[in-house]
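None of these values were measured; they are calculated from a predicted model.
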Amino acid sequence: MPTSTTGSSRAEHIEGETVTQAPKPVEGKAVLRVASRTGNATLPLSDIGAGRLAIQVNCQGKGTLTVSVTPIGLSFPLECVDHEVSSTYNEIRLKRARSEAAIQITAPSAVVWALTVEQ
């Protein structure tokens, strides 16, 4: 992931990212977009096709946000900090389609986050 040349030197910081809008899809079609959420959430996904499933997450506030995709088994953390947006992008290749899945977010109530899931 690129680092900022003017702001933080953390790898998770991308200049211009925000938590007030869902991240723009990198390639493909957004199947879920959420912005300005806090704390924990379970977000249903339906009719996920075989192939690439990508998740972009931005967060701000002190604490660790964890993303889990069930029943697929993908899970990853993102360290969030005050006064700056942290970002991550993860993808997985699904061998088969899923009629139902869910994104589970675990985050402290002080952490504001936004995410986009795309295929």
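- Atom CD1 of Ile103 is separated from atom OG1 of Thr70 by 8.0 Å, given to the nearest 0.5 angstrom.
- More than 12 heavy atoms of other shown residues, nucleotides or ligands fall within 6.0 angstrom of atom CD in Gln104.
- Of all non-hydrogen atoms in Lys62 and Asp82, the two that sit nearest each other are N-OD1, 3.2 Å.
- Closest approach of Ile72 to Ile92, counting heavy atoms only: CG2-CD1, 3.9 Å.
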Given side-chain contact (heavy atoms from CB on, under 4.5 Å), test Val67 with Leu115 step by step and report yes or no. CA-CA 10 Å; Val67 177; Leu115 73 77; 5.5 Å; no
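- Distance CD/Gln56 to CG/Asn90: 10.5 Å, rounded to 0.5 Å.
- Summarising the geometry, atom CD1 belonging to Ile105 is positioned 8.5 Å from atom OG1 belonging to Thr66; distances are rounded to the nearest 0.5 Å.
- A donor-acceptor pair is defined here as one N or O able to donate and one able to accept, closer than 3.5 Å; no such pair exists between the side chain of Arg33 and the backbone of Val31.
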Could you go through Asn40 and Thr106, starting from their C-alpha distance and side-chain angles, then the distance that decides it, and tell me whether this counts as side chain to side chain donor-acceptor pair (under 3.5 Å)? CA-CA 5 Å; Asn40 300 338; Thr106 305; 4.5 Å; no
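- Thr20 has its side chain within reach of Ser36: a pair of non-hydrogen atoms, C-beta onward, lies under 4.5 Å apart.
- For the residue pair Ala35 and Ala114, the shortest heavy atom distance occurs at CA-CB, 3.8 Å.
- The distance from atom OG1 of Thr88 to atom CD of Glu17, rounded to the nearest 0.5 Å, is 11.0 Å.
- The shortest heavy-atom contact between Ala22 and Thr116 is CB-OG1, 3.5 Å.
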Residue pair Arg37, Leu43: steps toward the side-chain contact (heavy atoms from CB on, under 4.5 Å) verdict: CA-CA 12 Å; Arg37 293 287 298 263; Leu43 308 166; 3.8 Å; yes
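- Formation of a donor-acceptor pair under 3.5 Å by the Asn58 side chain with backbone atoms of Val19 is not found in this model.
- Contact check for Leu74 versus Ile55: side-chain heavy atoms found under the 4.5 Å cut-off.
- In this structure, Trp113 and Leu78 have side chains that are not in contact, with every pair of non-hydrogen atoms separated by 4.5 Å or more.
- A side-chain donor from one of Thr64 and Glu79 sits under 3.5 Å from a side-chain acceptor of the other.
- Atom-to-atom distance recorded for Leu65:CG and Cys80:SG is 5.0 Å, nearest 0.5 angstrom.
- Without hydrogens or angle criteria, Arg52 side chain to Glu27 main chain gives a donor-acceptor distance under 3.5 Å.
- One distance of note links CD of Gln119 with CD of Glu91; it measures 11.0 Å at 0.5 Å rounding.
- Nearest heavy atoms, Pro108 versus Gly63: CG-CA, 4.0 Å.
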